[in-house]
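Report on the structure given below.
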Amino acid sequence: MSHWIILPIVLPAMMAAFIVLVVRHHVVLQRVFSLAGTVALLAIAAGLVIATWDGSIILYQLGNWAAPFGIVLVADRLSTLFVFLTSLLAIFVQLYAIGSKWDTRGRHFYALFQFQLMGIIGAFLTGDAFNLFVFFEVLLIASYGLMIHSGGPERFRVGVQYVVFNLLGSTLFLFALGTIYAETGTLNMADLAQRIAAAPAEHTSGIRAASVMLLMVFAVKAAILPLHFWLPSAYACAPAPVAALFAIMTKVGAYAIIRFYTLIFPPDLEATQGLFDTWLLPAALLTLILGMLGVLGARRLDRLVAFAVIGSMGMLMAAVSVFTPQGIAAALFYAIHSTLATAALFLLVDVVRDRRERNLLTFDLAPPIAGGALVAGMFFAAAIAMAGLPPLSGFIGKLLILDAAMADARMAWVWAIILGMSLIAVIGFARAGSTIFWRAHASEAAYDEGPPPEDEAALAPLPALPMVAIGGILATLVAITVFAGPLQRHLAATADQLFAPEPYISTVLGTPGKEITYKGHADEDHDKDSTARDSHGPENPETPLEEEAH
Amino acid sequence: MMEAAEILVSALIVIGALFILVGSYGLLKLDSPMSRLHAPTKSGTLGVGSTLAASMVYAFVWGVGSVHELLIMAFLFVTAPVSAMFIAKVAIHRRRVAVEPPSPPEDSTWATKAAPVAEENA
Amino acid sequence: MSLFLIVALPFLGALLPGLMIRAGRQACGMVTFLVTLTAFLGLMTHLPAVMAGETVTARLDWMPSLGLNFNLFVDGLGLFFASLILGIGLLIITYARFYLSREDNMGEFYTYLLLFQGAMVGIVLCDNILMLLIFWELTSLSSFLLIGYWKHLPEGRQGARMALAVTGAGGLAMIGGMMLLGNIAGSYDLTVILQHRDEIQASPYYMPALILILLGCFTKSAQFPFHFWLPHAMAAPTPVSAYLHSATMVKAGIFLMARLWPVLSGTDAWFILVTGAGLVTMVIGAIVALFKNDLKALLAFSTVSHLGLITMLLGTGTPFGAMAAVFHILNHATFKAALFMSAGIIDHEAGTRDITLLGGLRRLMPVTFVIATIASLSMAGIPFLNGFLSKEMMLEETTHTTLFGNPMLVPVLATIGALFSAAYSFRYIVHTFLGPERDDYPGHPHDPGVGMWGPPALLVILVIAIGIAPFLAEPLVKTVTAAVLGGTAELPDAHLKIWHGVTPALWMSVIAVAGGIILLLMFKPLSRAWAAAGPPFAKAIFDAIIAMLVAIAQAVTGRLHDGSLTRYAAIFTVTVFAVTAHAWFSGGVGLPSRDALPIEPVPMTAWILLVTATAVLLRYHRNRFLALILMGVVGLVVSMAFAYLSAPDLALTQLSVEVVTIILLLLALNFLPRYTPVESTAGRRLRDGVISIGAGVGAAALIYTMMLRDFVEPSISAYHLENSYKGGGGTNVVNVILVDFRGFDTFGEIIVLGIAALIIYAITEALLSGPVRARLLNRPTEDVAGDAHPMMMVVVTRVMMPVVLMVGVYIFLRGHNEPGGGFIAGLVVAIGVVMQYMASGYSWASARQRYPFHGIIGTGVLVAGLTGIGAWFFGAEFLTSSFGYFRIPPFEEFELATAMGFDLGVFLCVVGAVMLSLESFSRLARRSDTEVNEYAMDIDPSRDDAPQPTGKEG
Amino acid sequence: MASRLTRRIFPHPLLTLLLTLVWCMLINTPSTGAVAFGLILGILIPILTAAYWPQRPLMRRPYRMVSYILIVVWDIVLANVQVALIVLFKSNARMKPNWVCIPLDLRTPEAIAILAGTITLTPGTVSADLSDEGHSLLVHALDAPDPDAVRDDIKHRYERRLKEIFE
Amino acid sequence: MIIYALYFAFAAVGLSQVLALWRLLIGPGSGDRVLALDTISVNAVALIVLYGILTQTQVYFEAALLIAMLGFVSTVAYARFILRRDVIE
Amino acid sequence: MELLLASAVGVLTAAGVYLVLRQRTFPVIVGTAFLSYAVNVFLFASGRLAVQQPPVLNDAAAAYTDPLPQALVLTAIVISFGMTAVVVMVALGAYLSSEDDHIDDRPETGDEGAQS
Ligand code: NA
Ligand code: NA
């Protein structure tokens, strides 16, 4: 068997542990090791994408235990796609963190960073519902640390809210898992699919309750209304590279919804009719509306981008909630696109923050920043992508979603809201960009008593590495636009694979695991209970208690 | 023999339970914090000790034998005075005593009442 | 030249000006000119084929699955528009080179211009409507950059945003329309769509598609009521206005109506919408234009009016109307570009565009005067100029048009439009150039260099040439019209000529010109009346709408996200409750299949304890210390319940975690207020009570129902029970699950714990390196008891800690077969160490601590991970376990399992994590006035006898 | 040299003994293997924790500890019955709680701790505090009309014996 | 006979827990509450041991040991908090 | 027995939710601790209840209590401990750096704050 599947999980974990153990006092070494680890991760992820390109499903039985009894990792097109995306994003984010020196503004940045990668990738790869919970927790707790990295009153206050809200989400996850285990007696996702499909028709309440509870758990991650409240402040307050990395975190929720509601609770499942097919689309559209209203109404650039994330999740989930291969394929394209676009925006916001006087992110008047044309140009490109205007990937994503929505009876609503909200986003981004980047040029005239003394930060030349990182993300956006055709073919194949889950299920459940050869004690006549002091011993079988209990 | 053992175990259990009950009853009944401290620290400890002894006897008669109950007993007996002392210190510190303790025959004051600054110089 | 190259050239070339600007403005302008010229010449290579009626195509697959492909084609219509775009582009580039001042970033300007040019060429040449949408929106974006080019001008920024909002909105609507259209036709390729007239017009989606597409066209082409953005776009530098509003941007909508004419026109809906909008726009634009004092605003509204004219012509749906439209597009492009450029010259030289500050320029700027006059007269529809010809055709067409059953409506309105058109054209000449010379011009008016007047002059020559010899343009116009008709109708028989005889159109023309002169003569009183009437300003309405949107957005998002976690949590709970309840009650619950266990007195007592403690805690939670004590009770009861329910491992874990948690909370409470103030009103508490009772009842009902029913299939744990000993080598199934069957969960779990400790450490560091540090150090010392490190505690700890460590080792070693294991052992050991810390204090104990807790965590994770990896070397999966039984005298036979290595990692990680967390908390508590205690205990009478302290050794 | 090495290996020999005993109790089934393993741990753990117990308390006559423990156990049983009777049958009003101060002759912390522990576990008394230099012990008696008698009893019955063992 | 002794013991200890909880709730001092909690945990040890006799198993030994040990540690922690506000200093 | 356990889960959940809805960080943290008690018992009960069953394999036993939920609860307990530790520290950081332990960014207006 090949160990490639588990490497993306074990490698960051070991790297983080190594960083904590050996190089926790050397920032340069931490950078080197962490970056090297991430590059290796990307290579492995690429290998996994290639290995699953033809539709093969790779199974990894941890501890060599057969599913559903042990935990399995499953690599298929969907999971490897997200693993690759995560690794790619991680490289850019890390370059930015190095270039902007964010990594030195607090302790244990790289350990947390690598653990975060481990959690995210583990969530994508696992084939076990409870193990998914564990990886959710890994990624969450790492995100708590990263979110409040470097501290500060505002970050702590927002951090408390972020943590508490997600604790509620985690609690709900456990309630859901308890319910699902109580109903089905299993935790393996493929096994769940089989058992739920075979569940008696008169006894569906528990399964239905579990299915919506899980949906809400994932909806918290995916920031779907009305469970999204944790997001705006947390993302706005998080250090830029962290916020950029968080761009993939919402996708974990989306991934889980796609996985669970194609594999375990597929749209044609009798037991769960009338649930997510009814509720998810309205929720997604409301999310879209709220996100874009947030873009329009934001008073600060960082919050604007945070709301753009919510809006993008609304778009994505609108596509998912059509629950057709076409819809899922569109959602996947949009997921890739929006991850990169929001990451780029968060990093650009940080560049602006760093270079504006008093780190202003409000739309107040401030002098222009050095290298403003480059930053403005990049912001323009990223905003275009985010708002779904041509020529970047956002537009293609939008077309794909609109196209997919034709299959839904509520198409008119979907179209009207998506298009209407695109307009709102365009207006919002135009308002923000023209204020931040253009109005600055009016500042000399606008100040009554002459311009304020020039800020050193604003005049220093742009540091190269951060711009390379952002440029890299934008270049990737351009690349997925140019190669949208082949990419879309792959995503369509991915979606088709999701809607034909039999190979997945049979691979997971049909692969034999460990052969159990009985290894008793050295002297065979000892039986297993002789070590166990479970009873007071077999010598006096009639104890007074048993006697009386008869 | 078995009957004797049965009687012994039962007696130990009942005695233990009674002591425990008395300890908790005293905890509720006694009217000052320092007095309340006496009941559970002693009766409780002996009550649990008696129960543990019952368990040991039971194991020796009807099982393969067991001595690890002694360990729990030792644990309780060693820690109970420390817990009691801490709670007494709380009572003294929070002035929840009916009568203030008299001055020590030697030294200037009781440790709990010693101001932290003075204690640093000690 | 390849069509791809023609479209790509402006985009690729857009990179050049930015680079060339370092070589100077001349080089910058030159390279832009050359790029455009190359594209233009490339386009001209297709002229012969197109004039011969052929269609040149180029195809490239992009996203075939979506139907989005890079397909281009050029026919008469495309060639016509592309030539206009590139040809006038050349003139504009030349003009701009001289128009822009030294302060303006020319590289940036030409970059935007080329982007815009490319997008326009893309629109007119593309054969895929999705592709067309892309170019369409690109024109919106690039025009946004162009209009906002003068960033320091608020009008520029606002105008740019307004243009983007309006045209962007139209573009978005058009996305919908185009996708519907493509779906009806089964393809997004224009050439295919154009073949499906009947299907399209029969489809139920025709109406929505038509409306959505027209929304795009009308906004782009500034048709009423979307016309208002155009005048505000005049804040752009004049070359931009000249380019965007004569030949390009605003013509994009016209182009698209023409392009889709074969499939969309001919229906009542089309006729009413397009003709109606065009007519209204034409009249309103003309009227408003007359009263504009800004030269460019006047021209802008005149553009609105003329676009309305063309739209109206396309709306009639007749071949003749189409031909007139095509001809007017050409004519309007020529005279309007010339007019904009002349307005720019005036602005540039006289220093103002305000018509009220001008007049009498004819002697000062004779060349400009000539150019502007000829162009204006063409616009007014004076014979022998091209504007006259197409306007005659328009008027002719209106006489055959019946709108709302009234044959007079269209002709009369058209005449009124023409009349105002003549009026403002005359005003442009009269109020700018005629009249007495003034001495208060803001600048020093004089003719500019040939670089600036050359381009409009060239256009004026065209104006005259076509006006005198229209037959020259006829082949072109006919080819283009044929392309517009797209084979759905016969090309009209008419010819382009000056004299058609005395037709109604001629009379209408005469009325228009004469009326125009009269209007101009009456201008002053009319102007006063206009000002008094106070017509609504579209900008004000638009601004109000945007402001309202922003206000709504801020109200909605601000109100919802006001940072009130309590409300977020309430919404979360209610949502979860409601959705789950809905799911539950809409399904079915089978009958109970299990008997309930009897209720016994001891569990009943425990239940009473738990409920009482919880209730009292809720009542008195504001006393935080009491809350923690009650939490201790609840934790103990829960642990006991686990023990009672045959889960000793759980009981042990819950207990030890409980204690560590309490210690953590106590450590934190040291810094926090000890009481929670009453802040919630009774109503709010009632609300929260209702929500929480709902949640509680829900959870209870859910688990109660399920406990009395069986699994749908037997649980997988039967396998674990079956194979725990045989395959995992342990009789404690729970532990075997933890370290073997589901060891990967445990791996994640210890990482969570490790991360928690790292975060706590990092936060401590952040706090201690910030402003908080000083506050912490100088916290007032409260009234605390003496004797921080009591002798009895220290002495007992000296014995107890080693014993506790022993117990830890014991629990660790037996975990595989009996309750216990690495996790509980880790907690026990940690608690033993904590005992030591509590006894002798943090600083005394940590000075004697030899192993950094970070390192212990790292080692733990590494050991656990490496144990898992170890299996690889035996060709097995991560965490595959192995075990065996060994006998080494004097020891009894014992079992060694690789899972123990994993458990050791767990153990280390737990010890490290718990200790690092506790240590971090106690580091915060250090005050500046406390000294590190030198001795383990504060009071030690034996020190009286032993003068040399031994406390430091060891 | 040798003694220093011995001190490194056996910082607290009695602790080693105790730990070995604890291990045997934990294992609960007597065997040489258990004793051997217990001994190994009994040696290792004190070495690991030696830093936390820097001085080795002097015990001159450790064997007398046995008789002391027996006395205390007996007293505990008696004391509990006494306390139980007081708690059950004596009203709060008739009880005479009192403070008892005991000047200490003991100087070794370990010995003082054992004394204090003994006092708490035995008849109606709880050791509550130590004086600020460790020369007196504060004891609370649940029902002691005559505190001096209690003091003398404690000094005679327990402190004297401990003094013999430790000093 | 033993079973009846056990039933009696369960009842007595259960009652003791209720009494101790009562003290915990009425206080009045924090020290009283800590003492009550300590009593509850010591009584819990007895409950576990009794349950071990009832079910004739020794697997609950560790639980009893741990409750004894942890009860002590938490009592000290609570008391230290009242005395010094800082549990580990 | 099932009724006792289910109602205990209900009481713990209700208490947890009520405390989580309070306005200061400390009760909220206590609330999350209660929620984790509740969910741990819930998860445990998903394996159905068994009284006086051997928790460890032996030959004499006819049936066992379900070990899988126990393992899950163990994992959940540990994870929630880690989470609690972090949230306590973050809350402390928030309080120490702004001298305010409100969990809401600003106290709610309207029916709130009358007494604060
Ligand atoms: Na917890
Ligand atoms: Na675990």
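Here is how names work: the chains are called A, B, and so on, in the same order as the sequence lines, proteins then strands, and each is numbered from 1.
Contact of E:Leu47 with chain B is not made at all, since no heavy-atom distance falls under 4.5 Å. Residue contact with chain E, scored on non-hydrogen atoms closer than 4.5 Å, involves the side chain of B:Val9 exclusively. With a 4.5 angstrom heavy-atom cutoff, B:Ile15 does not touch chain E via any of its atoms. Of the two parts of B:Leu76, only the side chain, counted from C-beta on, holds a non-hydrogen atom closer than 4.5 Å to a non-hydrogen atom of chain E. Looking at B:Leu12, neither its backbone nor its side chain comes within 4.5 Å of chain E, counting heavy atoms on both sides. Residue contact with chain E, scored on non-hydrogen atoms closer than 4.5 Å, involves the backbone and the side chain of B:Ile7 alike. Contacts between B:Arg94 and chain E at a heavy-atom distance below 4.5 Å involve the side chain alone, from C-beta outward.
Across E:Val76, E:Val13, E:Leu35, E:Leu15, the residue that shares the most heavy-atom pairs under 4.5 angstrom with chain B is E:Leu35. Counting heavy-atom pairs closer than 4.5 Å to chain B, the top-ranked of the candidates E:Gly71, E:Ala11, E:Gly31, E:Ala5 is E:Ala5. Comparing E:Gly29, E:Ser30, E:Ala36, E:Ala20 by heavy-atom pairs within less than 4.5 Å of chain B, the highest count is held by E:Gly29. Of the residues considered (B:Ile92, B:Val14, B:Val78), B:Val14 shows the highest number of contacts with chain E, using heavy-atom pairs under 4.5 Å. Heavy-atom pairs under 4.5 Å with chain E peak, among B:Val48, B:Thr79, B:Val82, B:Thr51, at B:Thr79.
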Only distances under 3.5 Å count here; give the side-chain donor-acceptor pairs of residues 63-70 of chain E to other protein atoms, sequence neighbours excluded, each with its distance to 0.1 Å.
none

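Taking 4.5 Å as the limit, every side-chain heavy atom of B:Thr45 sits out of range of all side-chain heavy atoms of E:Val42. E:Ile2 is listed as a side-chain neighbour of B:Ile13, based on a closest heavy-atom distance under 4.5 Å. Residues B:Phe86 and E:Val34 have side chains not in contact (no heavy-atom distance under 4.5 Å, counting atoms from C-beta outward). Contact annotation: the side chain of E:Asn43 approaches that of B:Ser24 to within less than 4.5 Å [non-hydrogen atoms, C-beta and beyond].
Ring-plane geometry between E:Tyr7 and E:Tyr4 is classed as perpendicular, the angle between the planes exceeding 60 degrees on a 0 to 90 degree scale with a lower cut at 30.
Every pair passing ring-ring contact (aromatic ring centres under 6.0 Å, His included) that includes a residue from residues 24-47 of chain B is listed here, sequence neighbours excluded: B:His38-D:His140.
The pair B:Arg36-E:Asp32 meets the salt-bridge criterion, since a charged nitrogen lies less than 4.0 angstrom from a carboxylate oxygen.
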